[in-house]
Amino acid sequence: MSQEHDASLKKGGEHSKGEHLVEEIKHIEEELEHTLGKEYEHTAVPMSARRSMFSVSMVWMGFPMIITGAMTGSLLVLGMGFTSALWAMLIGNLIMFGYVGLLGLLGTKKGFNFALLASIVFGRKGYALASGLLSTLLLGWFAVQTGIAGSLISSAYHINYVVMTIIAGLLFIGITFIGVRGLHWIGIISAPLFVVLGLWVVIDASSKTTFDAIMSYHGNDPANLLPFGVGLTMVIALFVDAGTVTPDFNRWAKDKKSSLVATFSAFPFANMIAMLVGGIMTAALAVPNANPFGQDNMFGYMMATGSGVLMVIAFIFLLANLGSVCSHCLYNASTGWSRILGSEMRLMAVVLGAIGILIAATNVWAFFIQWLSLLGIIVPPIGAIIIIDQYLKRPNSQVDADWRPLAFIAWAAGSVVAFIVEKVFPGLSTAISSALVGGLVYWILMSTAAKKSVVA
């Protein structure tokens with residue numbers, strides 16, 4: 001009897017310890033919410049918590065105005081020549097403004113993040129496939145960008161790649177952990193730094209040649225130019241994943257005007273500036289066999305031509321700049337997975353960030369071009385289907401089913417057509433093909449279903 005009593009007391013003590021631990025965790029979560037602000041992973045953002053136009057714009061502006069965008073601009077100019085690349089940048093960014101702007105307005109109207117919005121279109125269970133895929137791709141993007149940061153710093157300052165990648169990754173996790181406030185402040189630091197240093201790079205590089213020489217630059221291999229459609233896909237695919245989950249950011253906007261201004265600050269404004277910095281520098285220097293992922297980028301240029309002070313500024317700039325895009329991607333990934341798993345954004349940021357650092361340490365950034373190609377195939381139909389559903393077919397709909405098969409059929413159709421386009425018609429844009437086909441197929445399927453319903 002005594003043994004049973006002791007066991008009962010022991011079990012009760014363990015139970016009390018368990019309850020105490022749960023209470024402690026809840027207390028910590030409440031303190032974090034009070035200090036850092038609530039992130040509304042599972043509910044709409046109330047108007048009382050909405051942020052100013054300036055704040056949401058800085059969140060967005062700090063995202064695409066990055067050195068990776070400049071690298072993409074360099075790749076476009078090397079592959080297409082300056083004039084063709086310039087047109088690809090302009091058209092691609094205007095398309096992104098329309099695509100991201102429409103999705104962002106939905107987030108602003110409902111106060112929903114992407115996962116909540118996707119629940120209406122793909123179903124209360126089906127959304128997990130769309131949101132989970134995008135969140136995982138964004139985690140991959142976090143890993144790619146963290147790897148680029150580690151690689152550039154390692155080669156420039158002769159620091160071990162893995163060590164620098166881990167340090168950079170932990171810093172980026174810290175920014176994300178703060179939440180949307182962290183994205184606001186890193187944007188305020190990163191964007192002006194990029195404008196000032198990018199302007200210096202452009203002016204200094206351009207002083208070595210003429211305006212006509214830059215405009216007439218025909219690329220690294222004029223005999224084998226990159227098809228225009230491929231260049232357009234590169235522009236769109238660079239941010240199409242984050243652009244699709246734009247409700248994660250625009251749900252914080254107070255009104256439609258703020259939402260559109262914030263989107264414009266990213267596309268075309270910030271993204272275009274980033275690409276132009278890399279593109280103009282590349283055309284001005286005309287380095288044979290240039291490697292934007294090596295030393296032939298704005299960071300490498302600052303390191304090669306600057307003083308000791310500029311080298312220190314370049315180090316701070318690189319961490320702040322890539323820290324901006326990495327924290328944004330990790331925020332999107334954490335918001336999506338926190339909704340799917342019923343967890344909290346900050347906890348998921350730590351867990352997913354650790355996974356991303358491990359992936360980054362494997363040199364995943366070396367597959368940058370293949371990554372853009374994949375994104376251009378599977379992501380655009382998701383956003384196109386949501387736009388068709390919420391603007392043309394069911395504008396005031398709510399979650400009404402566990403699964404909505406027509407949305408998945410249209411998504412598959414768009415991605416399959418884009419894959420065929422990539423293999424059979426490489427000169428066309430996979431990103432535009434997948435979005436147009438996915439949206440069109442969904443519109444046809446919904447129209448047909450509506451007619452059958454009326455007849456029945």
Side-chain angles (χ1 to χ4, degrees), residues 61 64-96 148 152 155-156 190-236 238 267-311 313-314 317-318 321 368-369 372 427:
M61 193 181 297
M65 196 182 286
I66 53 171
I67 192 171
T68 316
M71 290 175 173
T72 303
S74 294
L75 289 172
L76 289 168
V77 169
L78 285 170
M80 304 173 69
F82 187 80
T83 303
S84 294
L86 183 61
W87 278 110
M89 293 176 199
L90 181 59
I91 295 172
N93 273 287
L94 290 176
I95 290 172
M96 283 296 288
I148 290 174
L152 291 178
S155 60
S190 176
L193 259 179
F194 189 98
V195 171
V196 172
L197 295 176
L199 188 61
W200 177 82
V201 167
V202 166
I203 292 173
D204 195 68
S206 299
S207 67
K208 297 174 174 58
T209 185
T210 64
F211 175 79
D212 289 339
I214 293 173
M215 293 298 295
S216 61
Y217 178 73
H218 294 302
N220 202 40
D221 186 6
N224 297 288
L225 291 177
L226 195 69
F228 188 83
V230 175
L232 198 57
T233 293
M234 288 174 63
V235 175
I236 295 171
L238 186 63
F267 314 104
F269 183 71
N271 201 34
M272 192 74 182
I273 287 177
M275 290 182 174
L276 280 175
V277 167
I280 293 173
M281 184 197 76
T282 298
L285 299 178
V287 177
N289 301 314
N291 178 16
F293 289 93
Q295 296 301 311
D296 301 312
N297 52 60
M298 62 180 294
F299 175 73
Y301 188 84
M302 288 187 286
M303 294 296 296
T305 61
S307 63
V309 174
L310 188 58
M311 291 176 69
I313 295 174
F317 159 71
L318 186 67
N321 190 251
F368 181 77
I369 300 299
L372 293 185

If I compare all heavy atoms of Gln295 with all of Ser155, which pair ends up nearest, and what's the gap? NE2-OG, 3.3 Å

Distance-minimising heavy-atom pair for Ala156 and Met303: CB-CE, 3.9 Å

Shortest non-hydrogen contact between Leu225 and Gly81, atoms and distance: CD2-N, 4.4 Å

State, with a plain yes or no, whether a side-chain heavy atom of Met272 is found less than 4.5 Å away from one of Leu86. yes

Taking Thr83 for the side chain and Met215 for the main chain, is one N or O donor matched with an acceptor at less than 3.5 Å? yes

Do you know which two heavy atoms are closest between Phe267 and Pro64, and how far apart they sit? CE2-CB, 4.3 Å

Pairwise side-chain contact, Thr282 with Leu75, heavy-atom cut-off 4.5 Å (strictly under): no

Is there side-chain contact between Asn220 and Asn289, with heavy atoms separated by less than 4.5 Å? yes

Nearest-0.5 Å distance that lies between atom CE in Met89 and atom CG in Leu76: 5.0 Å

More than 12 heavy atoms of other groups within 6.0 Å of Phe317 CZ: yes

Could you go through the side chain to side chain contact (heavy atoms under 4.5 Å, CB included) check for Leu197 and Leu310 one step at a time? CA-CA 10 Å; Leu197 295 176; Leu310 188 58; 4.2 Å; yes

Where is the tightest heavy-atom contact between Ser206 and Ile214, given as atom of each residue plus distance? OG-CD1, 3.8 Å

d(Leu193 CG, Ile313 CD1) to nearest 0.5 Å is 8.0 Å

Could you walk me through whether Thr209 and Tyr217 satisfy the side chain to side chain contact (heavy atoms under 4.5 Å, CB included) test, starting with their C-alpha distance in whole Å, then the side-chain angles of each, then the deciding distance to 0.1 Å, before giving a yes or no? CA-CA 11 Å; Thr209 185; Tyr217 178 73; over 6 Å; no

Do Met96 and Asn271 come close enough that some side-chain heavy atom pair is under 4.5 Å? no

Side-chain heavy-atom pair Trp87, Met80 within 4.5 angstrom cut-off: no

Going from CG on Leu276 to CD1 on Ile273, what distance comes out if it is rounded to the nearest 0.5 angstrom? 8.0 Å

At what distance, to the nearest 0.5 angstrom, does CG of Asn291 lie from OG of Ser74? 10.0 Å

Okay, side chain of Asn297, backbone of Pro292: is any donor-acceptor separation there less than 3.5 Å? yes

Do Asp221 side-chain atoms and Leu78 backbone N/O form a donor-acceptor pair below 3.5 Å? no

Point-to-point distance, once rounded to the nearest 0.5 Å, from CZ of Phe293 to CG of Leu152: 9.0 Å

Is there a side-chain contact between Ile148 and Phe299 (heavy atoms, below 4.5 Å)? no

Can you see which heavy atom on Asn93 is nearest to which on Pro268, and at what distance? CB-CB, 3.6 Å

How far does CE of Met71 sit from CG of Leu238, to the nearest 0.5 angstrom? 11.5 Å

